[in-house]
Amino acid sequence: NAGVTQTPKFQVLKTGQSMTLQCAQDMNHEYMSWYRQDPGMGLRLIHYSVGAGITDQGEVPNGYNVSRSTTEDFPLRLLSAAPSQTSVYFCASSYSWGSGNTIYFGEGSWLTVV
Amino acid sequence: KNQVEQSPQSLIILEGKNCTLQCNYTVSPFSNLRWYKQDTGRGPVSLTIMTFSENTKSNGRYTATLDADTKQSSLHITASQLSDSASYICVVSKTAQKLVFGQGTRLTINP
């Protein structure tokens with residue numbers, strides 16, 4: 001049981017490049033989400049999914065796309081990277097979208113856009 | 001202004017001592033309050049989850065308290081260990097999707 005797995009761990013992009021951050025969970029969780037963590041700020045929600053085929057925007061969705069074709073995977077796509085997207089990205093999952101469920105986080109992906 | 005404010009921003013204590021971290025929130029409506037531990041370079045790990053009707057929740061040497069009337073929570077760490085060095089994040093749930101994260105308290109345990 002690996003929990004929530006994110007790849008890559010570290011990535012450097014040039015402005016304008018696109019890339020996909022991968023996220024997979026093996027706990028059969030319905031709810032998955034992506035956050036970014038910036039210095040001096042709390043984690044902020046980018047996009048979330050309450051099940052396969054269902055996604056919605058969070059607090060800071062601009063510049064990011066997501067899809068949820070399977071229960072296990074929830075990739076985050078950066079369409080045209082900008083320096084403002086330099087951040088640490090965390091994928092998270094929980095059993096359902098009920099508010100009392102434990103949320104499990106991945107180990108993070110450090111992204112630098114130059 | 002953040003809806004979830006944590007204090008202090010950073011704290012240094014000696015191994016074996018106790019400490020208390022504070023979380024004040026203005027989030028409304030309120031569903032539950034969580035405390036997470038985040039080691040440097042790692043993802044957050046859940047410590048406790050409390051609903052508005054719960055006053056206290058323990059997880060080993062970690063004890064969280066909640067006063068929903070004053071909108072304050074605290075995380076007490078007993079007999080600190082070097083492995084307790086981490087950031088501790090307070091998270092308040094408005095709804096299942098709407099979590100408001102505090103900025104965290106950076107705790108350093110010195111031998």
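Just so it is clear, the structure is predicted and the values come from calculations on it, not from any experiment. Here is how names work: the chains are called A, B, and so on, in the same order as the sequence lines, proteins then strands, and each is numbered from 1.
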Residue selection (most heavy-atom pairs with chain A, distance under 4.5 Å) from B/Gly102, B/Cys90, B/Gly41: B/Gly41
Minimum-distance pair of heavy atoms, taken over all atoms of B/Ala86 and B/Gln38: CB-O, 3.5 Å
Side chain B/Ser73, main chain B/Thr65, donor-acceptor under 3.5 Å: yes
Per-residue contact mode, A/Gln37 against chain B (heavy atom under 4.5 angstrom): side chain
Pairs touching residues 51-68 of chain A that satisfy side chain to side chain donor-acceptor pair (under 3.5 Å), sequence neighbours left out: A/Arg36-A/Tyr64, A/Tyr48-A/Asp56, A/Ser49-A/Arg68, A/Tyr64-A/Tyr89, A/Ser67-A/Arg77
Donor-acceptor side-chain pairing of B/Asp84 and B/Tyr62 below 3.5 angstrom: yes
Proximity of residues 105-114 of chain A to chain B, residues having a non-hydrogen atom under 4.5 angstrom: A/Phe105, A/Gly106, A/Glu107, A/Trp110
Shortest non-hydrogen contact from B/Glu15 toward B/Ile109: CA-CG2, 3.5 Å
Under 3.5 Å donor-acceptor, A/Gln25 side chain and A/Met27 backbone: yes
Donor + acceptor pair across side chains of B/Thr51, B/Asn32 (<3.5 Å): no
